[in-house]
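Because only heavy atoms are used, hydrogens play no part in the values below, and waters and symmetry mates are left out as well, while side chains stay in.
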Amino acid sequence: MKRDKLIPAFAVLAICLAAACVGDSQSKTDANGFRETVELRADSVAIREIVQPRRYAVSGDKMLLLSNKGDSLMHVYRLPAVEFLYKGLRVGNGPDEIPSAYPEMVNRYQQDGLFSITCNGMLFDFTASDTGLVARGMKRIGQGRTHNSPVPPADSLLVKDGINAKWDAVLLYLRDMVTGRVLDSTASQAVFYPERNGGYYENESWGVQNGGKYAAVYPETGRIEFYDISAGKLDLKKAWGDRTPASELKDTDFYGRKKGCEYYESRTDGKYLYVMEAYYELDGQGERQVKASNVLVYDWDGNPVRKYRLDKAVNSMMAADGKLYAFDWNADFEKLYVYDPDI
């Protein structure tokens, strides 16, 4: 894998949203704090198993691909070689099973082989060994007013966008995971439309957790917020990108744009936060097709580290031990692109 050359930050594709990608002419940095963009080339690894991942995660040296088809929902691979190990995780009521074929995977850093999924208001913990999945416990989640599958950032806390009691604004809530009690809240950049299908959200944040730190990434506006949640509060430490409040975004037709820039993915390897910035155009069916991809890298204090332009147009990735494993969500899952940022 090679990094060929540096590209000035202003040389990104013109189709990017102005708020997310226009730089500061005095500081020579873009809206996300980066001065330059580095080209990054991938090695490709063939995936020989028939799998179409619906959700995915990394835990320790294992890559976990979760689908909703077949008798076993999970394909497990060893990293960094991307070596297939086994399939596991069945739907049922047994001790090593889950009650639904549509679980969510928790996006948080785990170095000990533990991973967590949520479904039917429960959090299930498993470990992924070299030979199989082992259940490590489960607990009920107090969902409160969160509107869909919650993503708990720690064993006792839950952070999620949710509509307030008046149904006139979206807040980012920090809750006790078991009781659902609100510990703290702050303004969210997500937009809620109560008149659409009984309530509809746009620009919901993607959440990533690393110990007592939490990052909220807003995909449509290109805003990234870094919080310290270790004291049971949403303590904002640093933020990048568009500062427009949600109240001024109500009339924005996010999905009507013919081309633009979206933050498709946010992941961590425990050391850095990686955010995928993808440039898209609408196809004839109105679907977003990615034309080019960048990855923004921050440390967990919110400081910009490096911005990369990938040599492949991808929209999904995982991170482990300083490497990125990327692929195109819309294509058949036949290969992974492996990047080594070398930071």
Side-chain angles (χ1 to χ4, degrees), residues 13 15-22 30-33 55 104 107 144-151 153 158-175 185-209 214-227 234 236 238-267 273-282 286-290 293-296 298 302 315-317 329-330:
L13 294 180
I15 61 175
C16 187
L17 297 178
C21 302
V22 172
D30 63 18
N32 297 300
R55 297 290 184 266
E104 298 292 326
N107 190 4
R145 295 185 63 85
T146 55
H147 69 277
N148 60 8
S149 298
V151 181
L158 182 151
V159 181
K160 185 66 180 174
D161 292 323
I163 192 66
N164 66 0
K166 296 181 179 179
W167 276 53
D168 61 1
V170 180
L171 299 178
L172 188 65
Y173 286 100
L174 176 66
R175 299 178 182 272
S185 64
T186 190
S188 169
Q189 222 186 18
V191 181
F192 181 70
Y193 301 92
E195 69 280 3
R196 299 185 188 177
N197 299 322
Y200 182 78
Y201 290 79
E202 290 187 359
N203 198 39
E204 294 176 79
S205 64
W206 300 104
V208 188
Q209 178 266 343
Y214 187 85
V217 180
Y218 293 92
E220 298 293 339
T221 52
R223 181 167 175 81
I224 306 172
E225 299 172 342
F226 291 87
Y227 291 92
L234 286 164
L236 181 63
K238 192 165 287 188
W240 298 97
D242 188 356
R243 300 180 180 180
T244 306
S247 60
E248 298 179 19
L249 296 171
K250 285 274 188 178
D251 295 328
T252 303
D253 185 7
F254 292 112
Y255 296 105
R257 300 180 178 124
K258 293 183 178 180
K259 56 186 178 180
C261 173
E262 179 182 352
Y263 287 2
Y264 269 72
E265 194 84 83
S266 51
R267 298 283 165 173
L273 174 73
Y274 303 89
V275 179
M276 179 169 287
E277 177 187 71
Y279 305 95
Y280 66 85
E281 295 180 3
L282 292 188
E287 299 293 331
R288 292 180 177 183
Q289 299 299 322
V290 174
S293 305
N294 291 341
V295 171
L296 317 181
Y298 296 87
N315 54 22
S316 304
M317 68 176 176
W329 176 273
N330 298 315

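Side-chain N/O atoms of Y279 and E281 include no donor and acceptor closer than 3.5 Å. Checking N203 against E220 by side-chain atom types alone, no donor-acceptor pair falls below 3.5 Å.
Enclosure of atom CH2 in W206 is not indicated, since only 12 or fewer non-hydrogen atoms of other residues, nucleotides or ligands lie within 6.0 angstrom.
Residue A216 comes nearest to L172 through the heavy atom pair CB-CD2, 4.2 Å, listed as atom of the first residue, atom of the second, then distance. The two residues P219 and V217 make their nearest non-hydrogen contact at CD-O, 3.5 Å. I163 and W167 make their closest contact through CG1-CA, 3.5 Å (heavy atoms, listed as atom of the first residue, atom of the second, distance). Shortest non-hydrogen contact noted between A187 and L171 is CA-CD2, 4.1 Å. Y173 and S185 get closest at one heavy-atom pair: CD2-CB, 3.8 Å. Shortest non-hydrogen contact noted between T186 and Y227 is CG2-OH, 3.5 Å.
The CZ atom of F226 sits 10.0 Å away from the CG atom of L236 when rounded to the nearest 0.5 Å. Distance CG/L296 to CG/D30: 7.5 Å, rounded to 0.5 Å. Remark: Q209 CD to L158 CG distance equals 11.5 Å, nearest 0.5 Å.
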**Report entry** Worked check of side chain to side chain contact (heavy atoms under 4.5 Å, CB included) between D253 and E202
**Finding:** CA-CA 10 Å; D253 185 7; E202 290 187 359; 5.7 Å; no
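Remark: of the listed residues W240, Y218, Y214, Y218 is the sole one forming a side chain to side chain contact (heavy atoms under 4.5 Å, CB included) with E225.
Partners of Y264 under the ring-ring contact (aromatic ring centres under 6.0 Å, His included) rule, at least two apart in sequence or in another chain, do not exist in this structure. For R55, the salt bridge (charged side-chain N to carboxylate O under 4.0 Å, His left out) criterion is met by E104, not counting sequence neighbours. Y298 is linked by a side-chain hydrogen bond (donor to acceptor under 3.5 Å, both in side chains) to nothing, counting only residues two or more places apart in sequence or in another chain. A190 meets the side-chain contact (heavy atoms from CB on, under 4.5 Å) test with D161, V170, S188; sequence neighbours excluded. Every residue two or more places apart in sequence or in another chain that forms a side-chain hydrogen bond (donor to acceptor under 3.5 Å, both in side chains) with E265 is listed here: Y56, R267. The side-chain contact (heavy atoms from CB on, under 4.5 Å) test applied to D168 returns N164, K166, not counting sequence neighbours.
At least one side-chain heavy atom of L273 sits less than 4.5 Å from a side-chain heavy atom of V208. At a threshold of 4.5 Å between non-hydrogen side-chain atoms, the residues R288 and L282 count as touching. Two residues are said to be in side-chain contact when any heavy atoms from C-beta on lie closer than 4.5 Å; V191 and F254 meet this criterion. Here the side chains of V275 and N32 are not in contact, with every heavy-atom distance at 4.5 Å or above. No side-chain heavy atom of Y280 sits less than 4.5 Å from a side-chain heavy atom of N315.
Using a distance-only test at 3.5 Å, with no hydrogens or angles considered, a donor-acceptor pair links the side chain of Q189 to the main chain of T244. In terms of modelled atom types and a separation under 3.5 Å, the side chain of K250 and the main chain of F192 share a donor-acceptor contact. Under the 3.5 Å distance criterion, the side-chain polar atoms of Y263 are left unmatched by any main-chain donor or acceptor of S205.
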